[in-house]
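What follows is a single structure, written as structure tokens, with notes after it.
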Amino acid sequence: MAERYAEATEKAPKESETDEDSREEYYGRLKKAVSWSRKQMETYRINRLFLLRQFVGKHFGPNGAPDKVPVNFLAMAMTIYLRTLAARAPTPLVHTKAQQLKNKVRQFEGALREVVRETSLQRTIRAACTNAMFYVGIAKVGLDMNNEVEIEGDTHHYGKPFCDHISLDNFVIDMAAQTWHEAHFMGNYYRVALEDAQANPLLDEEAREALTKTELSGKNDDESGSDERAEMIGKDRADLGDAECVDMVELVDIYSVTKNRMMTFPVKGSWTEETCLYDQEWYGPEEGPYYELSFMEIPDNIFPMGPAPHWQDLQEASNRIYNKLIRQADRQKVVPIYSGTAVKDAQRVKDAADGGMTQVNDVNGIKEVAFGGPDQRNFGLFQDMRGLLNQLAGNVESLGGLGTVANTLGQEEMIAGTANKQVAEMVDRVTDFTARIMRALGWYEWNDPISERVLSMPFPGTSVQVEVPWTPEDRVGEFYHMNVTIDPYSMRHETPASKLMGLKDFLQTVMGLMPFMQAQGVGLNVENFTRLYGQYAGLSDLNDLIVAQEPPQDHLDDSAPTMPKPANTTRTYKRVNMPGANVDGKRQAMITQAMGMNQQGSEGAQIGRSTA
């Protein structure tokens, strides 16, 4: 084990110990390239901050949206999409063609399920999906080297795999490249306790002792810009100097793709041999530590784009108009007026009770006058914008089950199918993104020379769980022989109703196969079926309706009377036309009314009907 651990964790010498001038020059050029790329990314960070403020609205934290967002389409659409893209933790699947590893596949799958739980992978995937809706989601996979082990009298540091989401505010990539795979470098910024950094034995001793406190500013002020960070939406900008109870220092990890090296520098100051905290050859998955999730690539541009920026203009404009309609409604008033000769009549009307009667001398001397009120043309424009937003988002109202958008069941099923097809590519991208991360985590698990686990595995052919050890001796062979993927359906949202529907479909299938099952001596466990049905249907007492009894005789008495069946049966089908409504039809009817246009009675009637 000692030899294997030494092979896995041996530190490579700093890249240019034989050519210090070359290394010093590379550090200087790298610093300039990183600062330039961070400056190029400033526009994306600022626009993402605006979208995030629209997403949270005015009533979240001290620095939310500057104006009220009463119709938050952005939050609604993103909630629906996230429920579709990453509702649950992924389930790993492992396959291999190597005969000598086939008996280890199930154990490896069980170990990866533990890794998914330990790394809180679902939380990272959801965070990446949320940020990919704006521009790009980033995940970093690596080893947390905070554990120690003593081997043959020597103390070594070893780590547990982690998978963290990296905010766009903390990320940098080579913006001079045209695609992700052409980037020469990428990295992330982070803050750690100054005391921990100075005591970290993995960092260069002289460089870490020279570290100093980095003040919290709330801005991306890393010598490349001063745009505000998204975290300040929920924080007050005042007295940030009192926010941290311990001294912190800001560092940056840079992965040099072309040199296959991992480096760490302090954010402030120059990057030189004296300030370099860490510079080692990359030991990990071939793809590196950083993984991106994007939903739309832009040709010849390394930075991708999410769907939310396409909704941005209509989201902002529709809420601006709706706020205007609300202000007009607030200013609306109805004022009774009367002429100078009808003063007594006005007083009698004022004193009269609601529904009461009073005498006036001149009915024309008193009348009510309405002032202000929502502009009907603006209301019609708002309704049209809502329809356009729904179309731009791929019929998200249908995807979220918020109401029918068609007049017939067949049309509704076609629209729902189209909406699902539009989101299918996004689901495929999330599945691929998750599988890449799972392979990286699997690489660390397979090549871990120390850690041991005790897995709970089902005994073949039974439902009994047995404990199986998983040790470094079990992880023999090359990792690339293991094909690590994920179950593409494991991350989708499933309700008890959907599970109940699947159970009903299963029962229908089983009933059709019953003669073949009986011929093979296989039957249906009615007790377990009833238990699952009651669990999914919310009927906890359903098991009480099923009682154990003696099985029926194999042959019935031929003399027993039987109920005769009719020779002919008759069925009557009746089609009833029921008036309904759909979202688009109601919206169009409201627009027509708001514009003062003529409409048929059936068109106006659907405004009051339900779209469910």
May I ask you to say whether [X] pairs ionically with [Y], meaning some side-chain N is under 4.0 Å from a carboxylate O?
{"X": "R23", "Y": "D279", "result": "no"}
{"X": "R429", "Y": "E297", "result": "yes"}
{"X": "R436", "Y": "E287", "result": "yes"}

R38 to F171 - nearest heavy-atom pair and separation: NH1-O, 3.1 Å
side-chain contact (heavy atoms from CB on, under 4.5 Å) between V94 and K104, worked out: CA-CA 10 Å; V94 181; K104 301 299 181 183; over 6 Å; no
State, yes or no, whether a side-chain contact exists between [X] and [Y] at a heavy-atom distance under 4.5 Å.
{"X": "F162", "Y": "T124", "answer": "no"}
{"X": "P304", "Y": "Y135", "answer": "no"}
{"X": "N319", "Y": "P70", "answer": "yes"}

Plane angle bin for F73 and W311 - parallel if under 30°, tilted between 30 and 60°, otherwise perpendicular: perpendicular
Cation-aromatic face contact K259/Y26, 6.0 Å, 45 degrees: yes
Answer yes or no: does atom [atom1] of [X] have more than 12 heavy-atom neighbours from other residues, nucleotides or ligands under 6.0 Å?
{"X": "E274", "atom1": "CD", "answer": "yes"}
{"X": "E206", "atom1": "CD", "answer": "no"}
{"X": "H184", "atom1": "NE2", "answer": "no"}

Aromatic ring proximity, centroids under 6.0 angstrom, Y291 and W180: no
